[in-house]
2 protein chains.
Amino acid sequence: MAKRTTITAHTKQNLIDAFWVLYCQKPLAQITVKEIVTRAGYNRSTFYEYFPDVAAVLSAIEDALIPTIDTLPPFVGESYSIGMPIAQFLQLYQQNAKFYLVLLGENGDPAFVTKLKNSIKPTVLHFYHEHATYDAVQREVVVEFILSALIGVMSYWFRQQQPLPQEQLLALMHQLMTKGVMPAIDGSNTTV
Amino acid sequence: MAKRTTITAHTKQNLIDAFWVLYCQKPLAQITVKEIVTRAGYNRSTFYEYFPDVAAVLSAIEDALIPTIDTLPPFVGESYSIGMPIAQFLQLYQQNAKFYLVLLGENGDPAFVTKLKNSIKPTVLHFYHEHATYDAVQREVVVEFILSALIGVMSYWFRQQQPLPQEQLLALMHQLMTKGVMPAIDGSNTTV
DNA sequence: CGAAATCCAACACCGTGTCGTATGTTTTCA
DNA sequence: TGAAAACATACGACACGGTGTTGGATTTCG
């Protein structure tokens, strides 16, 4: 008999949804299978038909979130680029803000940051490879610098509920990336 | 009666040490009290005399690691500064590399990153407050940018077992901070 | 109908957190 | 000074709750 894929997928999604509600509230270590199934309305055993343990649910969510970088819709509008378009990343972030905010937050998963960085890294790395300014080792550092700053600022921006208009954030970010973090003395940057 | 502080402190430290060995190997959720006390050579109940739960041990380690920023020995030598001396932070990081590497790594604690940022933030924020270039909201973003990049690069550098001489890392970092991440076209930065 | 997919009840095991107790050390005062 | 009270420290045992598995009940679809 063919798998009843609809039902299966539905059940799995119910479990994932229930897990997510809990994960938004407390760290992984405090989430039990029982809580998940109670909330989703299943028997505890059913959980094990779909996931080996609680951590696997998180992993599944993360994996579904990572490949999105490939399937990004082309960004339209002013495009600030520093190897990887900042605006494009912001858009990616915005689409999944609900998840990114938690996964990159206080009770989040450090491993997800790594996964995220690794998925973007090749694009940025390739850009710098074409410029002979940095050697291979330095390039890696530069890329780590960019990605850390990018993800850090994005997370902060969302955490603070977007205290700056998106356009201003993009402009500021672009300036920090291309001109550095020292405030310009000549005043040419005060219009950001 | 006076506490037998020597014995107490010793036992507590034994428990912390045992915990740390385990935490270097696996995530918090997989560490049990039993494992800790077995390794440290105590009864399981003894653990609860010192900590309410496993997470508290991690918390204790983190707290002991944070204030170090205040008690930093004055840095001697070339001092790159971008509000907060980069070299000084590198030194702090280097002193506790063993811990930072794990806490900021794959199985690390996202909350620690926040704690760390918050402890350094005032210093950097104060620096930018004196320059009128950015308004209050922008300043926060700039500081988040700096701290994220700083911590990200440091972690990467240690994780890769310091692939670049310290002096070169400092110079590169300083350049990225002050001049941006775009490789200079005029070639003046190729000597980093 | 019957086979396979889906879901569930029950079981044995393990970890948790607590309480009462044994042991040994420090302090007190006769 | 030295015995005993007072207390810090460590432990054994208990009740509870979560885990992961096994075998079976129920449902669905060819």
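Naming: A, B, ... by sequence-line order, numbering from 1 per chain.
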Under-4.0 Å salt bridge between A:Arg39 and A:Asp17: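 No, no charged N to carboxylate O under 4.0 Å.
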Does [Y] offer a backbone N or O that forms a donor-acceptor pair with the side chain of [X] under 3.5 Å?
X        : Y        : answer
B:Ser148 : B:Glu144 : yes
A:Gln168 : A:Pro165 : no
B:Arg44  : B:Lys34  : no

[atom1] of [X] versus [atom2] of [N]: gap in Å, rounded?
X       : N      : atom1 : atom2 : value
A:Leu15 : C:dC7  : CG    : C1'   : 11 Å
A:Lys12 : C:dA5  : NZ    : C1'   : 15 Å
B:Glu49 : C:dT23 : CD    : C1'   : 14 Å
A:Phe47 : D:dT19 : CZ    : P     : 9 Å
A:Leu28 : D:dT19 : CG    : P     : 11 Å
B:Ile36 : C:dG15 : CD1   : C1'   : 12 Å
A:Phe51 : D:dT21 : CZ    : C1'   : 19 Å
A:Lys34 : C:dC8  : NZ    : C1'   : 15 Å

B:Val33 side-chain proximity, nearest of D:dA10, C:dT16, C:dC7: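 The listed nucleotide nearest to B:Val33's side chain is C:dT16.
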Residue B:Tyr50, side-chain atoms from C-beta onward, closest of D:dT9, D:dG18, C:dT6: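 Of the candidates, D:dT9 comes closest.
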Side-chain donor/acceptor of A:Arg44 to base of D:dG20, under 3.5 Å: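 Check passes, donor-acceptor contact within cut-off.
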Does [X] make a side-chain N or O approach to OP1 or OP2 of [N] shorter than 4.0 Å?
X       : N      : result
A:Ser45 : C:dC7  : no
B:Asn43 : D:dA10 : no
B:Tyr48 : D:dA10 : no
A:Thr46 : C:dT6  : no
B:Thr32 : C:dG15 : no

Whether B:Tyr23 and B:Phe19 hold their rings parallel, tilted or perpendicular, with breakpoints at 30° and 60°: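 Taking B:Phe19 first and then B:Tyr23, their aromatic rings lie parallel (interplane angle under 30°).
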